[in-house]
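The structure appears below as structure tokens.
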There are 2 protein chains.
Amino acid sequence: MRKREGNKEQAILDAAVKVFAQHGYHRAKISSIAEHAKVATGSIYLYYRDKENILLTIFDRFWTTLTAELHIIVKRTDIHPTEKLDLVIDAFFKMFIANSSLATVFVNEQNHLVKDKRSNVAKQFENYLDIAEEIIREGVRKGQFNPDIDIKLFRHYIIGGIRTVLQYWAQQPNTLSLDRICNNVKYFSKNGLLIK
Amino acid sequence: MRKREGNKEQAILDAAVKVFAQHGYHRAKISSIAEHAKVATGSIYLYYRDKENILLTIFDRFWTTLTAELHIIVKRTDIHPTEKLDLVIDAFFKMFIANSSLATVFVNEQNHLVKDKRSNVAKQFENYLDIAEEIIREGVRKGQFNPDIDIKLFRHYIIGGIRTVLQYWAQQPNTLSLDRICNNVKYFSKNGLLIK
DNA sequence: ATTATAATTGAATAATGATTCATTATTCAT
DNA sequence: ATGAATAATGAATCATTATTCAATTATAAT
């Protein structure tokens, strides 16, 4: 027998994130991903059924990781919903600190994947939002969050806001501090623009 | 001579918005746009250089309209920055009331276009944000808006939030009231989640 | 009614790039 | 050292669609 040398599966995934970020999914060429991953074009197909499957794998891992972290945060009883919200936002940003290309791919391709309601990504995303919603409901119950807002809308709004500031950051990851962005987002979401 | 019958240019644009919304720009077929617009495939090329040019025209008109309205709002002296912000958000939503497909196209394709810094869409968008920023600065000057927030970040955040709630709406435009969404967005942006 | 001009058509072409597969290379059990 | 068995290669194939263009049709001026 022959053993697989190195972790080509991961190398392809990493390369794909870079190439997808640079050109967008549809313009990204398999041959270019192969080149970046230092494998032959055909080798890609030993690890992934097709091009779409590469993108799906990227998102699958993304949401699986994030959902696991969210679960832990939601279950905690030692902190207030306000702090939980902070932690969720932290966790979200943390995913991108080491990998700004992932932010770009997330921002640009998430929508297309979610559109297909049968896709696993759509389910994972819905599931994530449902769990996160529980934090908001807890905040409302405890009289800390405004009960009049539409929770479903708010959760979309904040995710969208984050997506876009991330993209802004990903364009110049070295001159902008993700920490600063993260803190601003926490502030916006809780306090808005007005002075109290 | 022969005259052009009907407004094919507009018909193609309208059809393209629908088809781009349904399948995304890259999967959208010129032949399908032609079919929807009730013209022959080749006729598209009498009005638009290529496929990309159709998308660019859609966005060009979108931002031109919106920027004109923004100008008027910013210049007003009879209302407070808070109310100006409301009007800007109103104007934004108004663009989509009659055309939910446009919302989807906006949400999905804007990023890709803006990525190309030389594109006119990128310039128009930057210009729009710059003008809108003036409202925030006015609010800060007048002691109504929090001076500690990062304005550039905030403007991306709110645009992103709006984009995403619009997409949420576009998925089921008949069951969700755009008015309600618009009001929530105004509230989120000004007050955030916390009870005062 | 005829002709010149421009608009329109849609089948044919061309380009692109995902996927396949015949071939070659590498590993390991014997 | 040998030869299964699997991994890897990348040029060839195939499918898809944007774009072109020769032919056709409609309009208006004469």
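- B/Phe20 places its CZ atom 9 Å from the P atom of D/dA18, with the value rounded to the nearest Å.
- The residue among B/Ile44 and A/Ser31 whose nearest nucleotide of DNA chain C lies closer to the 5′ end is B/Ile44.
- By the 6.0 Å and 45° rule, B/Lys8 does not stack over the aromatic ring of B/Tyr47.
- Between the NZ atom of A/Lys8 and the C1' atom of D/dT6 there is a distance of 12 Å, rounded to whole Å.
- Remark: C1' of C/dA15 and CD1 of B/Ile30 are 15 Å apart, rounded to the nearest angstrom.
- Salt-bridge formation is not detected for the pair B/Glu134/B/Lys75: no Lys NZ or Arg NE/NH1/NH2 atom is positioned less than 4.0 Å from an Asp or Glu carboxylate oxygen.
- A/Glu35 places its CD atom 13 Å from the P atom of C/dA18, with the value rounded to the nearest Å.
- Between B/Lys29 and D/dA18 there is no side-chain N or O to OP1 or OP2 distance below 4.0 Å.
- The aromatic ring centroids of B/Phe20 and B/Phe106 lie 6.0 Å or more from each other.
- Each of C/dG10, C/dA18, D/dT9 was ranked by its minimum atom distance to the side chain of A/Val39; first place goes to D/dT9.
- The side chain of B/Lys51 sits closest to D/dT19 out of D/dA8, D/dT19, C/dA18.
- The side-chain contact (heavy atoms from CB on, under 4.5 Å) with B/Cys182 is formed by just one residue from the set B/Phe93, B/Phe96, B/Trp169; it is B/Phe93.
- The side chain of A/Asp50 sits closest to C/dT19 out of D/dG10, D/dT19, C/dT19.
- The side chain of A/Leu46 has D/dT9 as its nearest neighbour among D/dT9, C/dA18, D/dT19.
- In this model, the phosphate group of D/dA8 is not approached by any side-chain N or O of A/Tyr45 to a distance below 4.0 Å at OP1 or OP2.
- Residue A/Ser43 places at least one side-chain N or O closer than 4.0 Å to OP1 or OP2 of D/dT9.
- Per the geometry, CD belonging to B/Glu52 stands 17 Å off C1' belonging to C/dA15, to the nearest Å.
- Here C/dT19 presents its C1' atom at 17 Å from OH of A/Tyr47, a figure rounded to the nearest Å.
- In this structure, A/His23 places its NE2 atom 15 Å from P of C/dT16, rounding to the nearest Å.
- Aromatic pair A/Phe62/A/Phe125: centroids not less than 6.0 angstrom apart.
- Between the CG atom of B/Leu55 and the C1' atom of D/dA18 there is a distance of 15 Å, rounded to whole Å.
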